[in-house]
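Chain letters run A, B, ... following the sequence lines, proteins first and then strands; every chain starts at 1. Hydrogens, waters and symmetry mates are skipped; everything else that's a heavy atom, side chains included, is used.
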Amino acid sequence: KAGVTQTPRYLIKTRGQQVTLSCSPISGHRSVSWYQQTPGQGLQFLFEYFSETQRNKGNFPGRFSGRQFSNSRSEMNVSTLELGDSALYLCASSLAVGVSNEKLFFGSGTQLSVL
Amino acid sequence: GESVGLHLPTLSVQEGDNSIINCAYSNSASDYFIWYKQESGKGPQFIIDIRSNMDKRQGQRVTVLLNKTVKHLSLQIAATQPGDSAVYFCAETLNQAGTALIFGKGTTLSVSS
C-alpha cells in the first residue's frame with residue numbers, strides 16, 4: 001500500500017506570492033492533517049480535514065488555508081508569502097473510523113523556501 | 001499554556017547501550033501521548049503510544065513510561081542500534097480523535113558503533 005504522497009518535494013517562491021501544496025493520503029484514510037516544521041518552532045499543527053470539512057485548526061493566520069476533496073486528497077494554500085513561511089510542510093493521514101487516538105501516518109513533506 | 005517539551009536536545013550513545021529520552025508535558029488533562037521518530041529527509045514515523053490510564057507500555061525494543069504525577073514521559077530504547085539515529089519527538093493530542101498533535105522540540109539521538 002502506498003504511503004502518504006506530498007507534491008512537490010521542493011518549492012522556491014518569493015515574498016508576496018502564493019503557493020499550493022498537495023497531499024494524497026493512504027488509500028482508505030479519511031482524515032488529513034497538516035503541520036509546519038521549522039528549526040525554531042518545531043512541529044506545529046496547522047489544520048485537519050475530515051469528509052471535506054475542516055475539523056480542527058491550529059493557531060496560524062488566515063493566510064494559511066486548506067481544503068479536502070471527495071477522494072480525501074488535500075491541498076493547503078499559503079497566500080502573501082513571508083520569509084518566515086519557509087519551512088517543511090508535512091501532511092499526515094489517518095483512517096478516522098474510530099472516535100479517539102487515531103494513528104497518524106506522515107508524508108516526507110514539501111520543503112518551501114521563500115526568498 | 002499547553003506545551004510538550006524534551007529535556008535534552010541531543011543524546012549520544014554507543015551501539016548496544018540502552019537509551020532513555022525524556023519529555024515533560026504541561027497539560028494535566030492530556031490523555032494520549034505518542035512518540036515519533038524522524039529520520040533525515042523523512043516525515044515523523046509512529047513508534048509507540050500510551051494512554052493516560054496506563055503507566056507503561058512496551059513494544060519491540062521500546063518502552064514508554066508515563067508519570068502523571070510529575071507530568072513526565074520517557075522513551076526507552078533497548079540495545080540501541082545505528083539505525084536508531086534520528087530525532088525523537090513526544091506529542092500529546094489536542095483533540096479526542098488524536099489527529100491534532102502538540103509536538104515537543106525533539107531530541108537528536110546519535111548512535112556510534
Side-chain angles (χ1 to χ4, degrees), chain A residues 3-6 9-10 21 23 25-26 29-51 53-60 66 68 72 74 87-111, chain B residues 1-10 21 23-27 29-54 57 59 62 64 66 86-108:
Chain A
V4 177
T5 303
Q6 292 188 246
R9 186 70 178 91
Y10 300 94
L21 312 181
C23 173
I26 291 172
H29 283 198
R30 299 161 63 193
S31 167
V32 173
S33 307
W34 289 89
Y35 290 80
Q36 181 195 64
Q37 186 173 26
T38 60
Q41 297 300 315
L43 278 153
Q44 295 184 286
F45 172 70
L46 281 157
F47 29 64
E48 183 222 355
Y49 287 86
F50 174 73
S51 292
T53 301
Q54 188 179 87
R55 187 161 65 169
N56 293 281
K57 187 178 188 302
N59 188 27
F60 277 81
Q68 186 181 34
S72 294
S74 177
L88 180 66
Y89 290 88
L90 292 158
C91 167
S93 73
S94 65
L95 274 171
V97 294
V99 295
S100 65
N101 303 339
E102 293 278 343
K103 185 182 293 186
L104 297 188
F105 294 83
F106 283 84
S108 294
T110 293
Q111 184 66 55
Chain B
E2 299 173 357
S3 67
V4 178
L6 289 169
H7 294 302
L8 291 175
T10 61
I21 300 172
C23 172
Y25 64 95
S26 60
N27 184 4
S30 295
D31 65 356
Y32 180 56
F33 304 89
I34 316 104
W35 281 98
Y36 283 90
K37 170 187 179 182
Q38 187 174 23
E39 297 175 282
S40 181
K42 298 182 179 179
Q45 178 184 5
F46 174 93
I47 300 173
I48 192 168
D49 58 0
I50 189 167
R51 299 188 67 172
S52 61
N53 60 354
M54 303 171 69
R57 191 169 188 207
V62 295
V64 55
L66 175 62
V87 181
Y88 289 81
F89 296 92
C90 64
E92 62 180 313
T93 57
L94 286 169
N95 63 335
Q96 186 177 13
T99 50
L101 304 175
I102 298 176
F103 281 87
K105 292 294 185 184
T107 289
T108 300

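Nearest heavy atoms, B:Gly41 versus A:Ser108: O-CB, 3.9 Å. Of all the heavy atoms in A:Gln37 and B:Gln38, the pair that sits closest is NE2-OE1, 2.8 Å. Across all their heavy atoms, B:Leu101 and A:Phe45 have their closest contact at O-CB, 3.6 Å. Contact between B:Gly43 and A:Leu90 at its shortest, heavy atoms only, is CA-CD2, 3.9 Å.
For A:Tyr35, the part sitting under 4.5 Å from any heavy atom of chain B is the side chain, from C-beta outward, and nothing else. Interface remark: A:Leu88 contributes side-chain atoms only to the contact with chain B (heavy atom separation under 4.5 Å). Neither the backbone nor the side chain of A:Gln111 comes within less than 4.5 Å of any heavy atom of chain B. B:Gln45 does not touch chain A: none of its heavy atoms, backbone or side chain, sits under 4.5 Å away.
Judged purely by atom type and a 3.5 angstrom limit, B:Lys42 has no side-chain atom pairing as donor or acceptor with the backbone of A:Gly109.
At a threshold of 4.5 Å between non-hydrogen side-chain atoms, the residues B:Tyr36 and A:Leu104 count as touching.
More than 12 heavy-atom neighbours from other residues, nucleotides or ligands sit within 6.0 angstrom of CG on B:Asn53.
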